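Worksheet: one structure, shown below.
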Amino acid sequence: MAGLELQERFEVSSSGITFEQLAKDAPEELANSINETGVFILPSHETKDSFYTGSLDTLDYLNDNGLKADIYTNDEDYKELGLHAADIWLGTFFVKNIVIPVFCGVIASYIYEKLKAKKDDKISVKFIVEKKDGKSSAVSFDGKVEEMEKALNAVKVFSNDD
């Protein structure tokens with residue numbers, strides 16, 4: 001019996017989330033630094049308060065590599081959602097336009113160098129990008145790591161949008 005083939009999903013769509021909305025709804029702990037933050041790790045898997053296991057490691061890596069990043073919750077409400085599979089579940093990232101080029105390089109390094117992802121590994125990630133006009137778009141990818149570059153390239157396009 002043959003194994004199930006991975007059905008790749010790559011989608012670019014409009015997103016209703018804006019930085020202004022995030023700032024307005026931000027937990028009190030984030031209120032003071034929200035304008036300086038370039039990347040937020042948002043709750044994942046369609047929850048309001050759960051983050052994938054490893055989100056704090058991802059946050060540390062982003063901050064250690066020149067990005068001002070934060071988890072979009074307060075310390076008391078932080079919960080991890082453990083999905084038990086060999087897949088890499090990175091979660092949802094809200095990225096300001098001005099940090100897109102650096103972010104794409106750092107997140108790729110994280111995947112290949114820190115997580116030691118191999119080309120056949122499966123990955124699931126969503127990037128919500130705030131464009132220069134204040135509107136946002138979402139890039140969702142579920143598939144093999146070797147194909148994820150198309151998602152990162154789609155994100156990079158938004159750094160050039162006027």
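All of these numbers come straight from a predicted model, not from anything done at the bench.
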So, for Gly134 and Thr18, which heavy atoms are closest and what is the spacing to 0.1 Å? O-CG2, 3.7 Å
Pair Ser55-Ile71, side-chain contact (heavy atoms from CB on, under 4.5 Å): steps then yes or no: CA-CA 8 Å; Ser55 291; Ile71 297 263; 4.0 Å; yes
Between Ser159 and Pro101, is any pair of side-chain heavy atoms under 4.5 Å apart? yes
Look at the aromatic rings of Phe40 and Tyr72 and report parallel, tilted or perpendicular, splitting at 30° and 60°. perpendicular
Closest heavy-atom contact between Ala151 and Val139? O-CG1, 3.7 Å
Has the side chain of Asp133 got a donor or acceptor atom that lies under 3.5 Å from a matching backbone atom of Lys135? yes
Determine, step by step, whether Ser137 and Phe158 satisfy the side-chain contact (heavy atoms from CB on, under 4.5 Å) criterion, reporting the C-alpha distance in whole Å, the side-chain angles of both residues, the deciding distance to 0.1 Å, and the verdict. CA-CA 8 Å; Ser137 291; Phe158 296 119; 3.5 Å; yes
Got a second to check how far Lys156's NZ is from Ile100's CD1, nearest 0.5 Å? 11.0 Å
How many angstroms lie between OG in Ser124 and CG in Asp87, if you round to the nearest 0.5 Å? 8.0 Å
Glu146 atom CD, neighbour heavy-atom count above 12 within 6.0 Å: yes
Side chains of Phe93 and Thr58: does their closest heavy-atom pair fall under 4.5 Å? yes
Atom OG1 of Thr92 and atom CD1 of Ile41: how far apart are they, to the nearest 0.5 Å? 10.0 Å
Residues which pass side-chain contact (heavy atoms from CB on, under 4.5 Å) with Asp57, listed by chain and number, not counting sequence neighbours: Tyr110
Under a plain distance cut-off of 3.5 Å, with no hydrogens placed, do Thr37 and Asp70 share a side-chain donor-acceptor pair? no
I'd like to know if Lys96 pairs up with Glu36 as an ion pair, taking the criterion as any Lys NZ or Arg NE/NH1/NH2 lying under 4.0 Å from an Asp or Glu carboxylate oxygen. no
Flag yes if more than 12 heavy atoms outside Lys68 fall under 6.0 Å of its NZ atom; otherwise flag no. yes
N/O donor-acceptor pair under 3.5 Å between Asn63 side chain and Ala69 backbone: yes
Min side-chain heavy-atom separation Phe94-Phe19 under 4.5 Å: yes
Would you say the side chain of Ile111 lies within less than 4.5 Å of the side chain of Met148, judging by non-hydrogen atoms? yes
Report yes if some heavy atom in the side chain of Lys144 is under 4.5 Å from a heavy atom in the side chain of Lys118; otherwise report no. no
Do Phe10 and Asp142 come close enough that some side-chain heavy atom pair is under 4.5 Å? no
Could you tell me whether the side chain of Leu115 reaches within less than 4.5 Å of the side chain of Leu90, counting heavy atoms only? yes
Check against side-chain contact (heavy atoms from CB on, under 4.5 Å), Leu67 and Val102: CA-CA 8 Å; Leu67 286 166; Val102 174; 3.8 Å; yes
Are Phe127 and Phe103 near enough that their ring centres are under 6.0 Å apart? yes
So which atom in Val99 and which in Gly38 form the shortest heavy-atom distance, rounded to 0.1 Å? CG2-O, 3.5 Å
All side-chain contact (heavy atoms from CB on, under 4.5 Å) counterparts of Glu113, not counting sequence neighbours: Tyr61, Ser109
Are the side chains of Val95 and Val155 in contact, using a 4.5 Å heavy-atom criterion? no
Under the rule for salt bridge (Lys or Arg N to Asp or Glu O under 4.0 Å), what residues qualify as partners of Glu11, not counting sequence neighbours? Arg9
Enter the distance from Ser15:OG to Gln21:CD here, rounded to the nearest 0.5 Å. 8.5 Å
Val125 and Ile107: side-chain contact (heavy atoms from CB on, under 4.5 Å), yes or no, with the steps? CA-CA 11 Å; Val125 65; Ile107 203 70; 5.9 Å; no
For the NZ atom on Lys114, are there more than 12 heavy atoms of other groups (residues, nucleotides or ligands in this structure) within a distance under 6.0 Å? no
Quick check for you: to the nearest 0.5 Å, what is the distance between Asn35 atom CG and Leu30 atom CG? 11.5 Å
Minimum-distance pair of heavy atoms, taken over all atoms of Ile88 and Ala117: CD1-CB, 3.7 Å
Inter-residue atom distance Lys126.NZ - Ser140.OG, 0.5 Å rounding: 4.5 Å
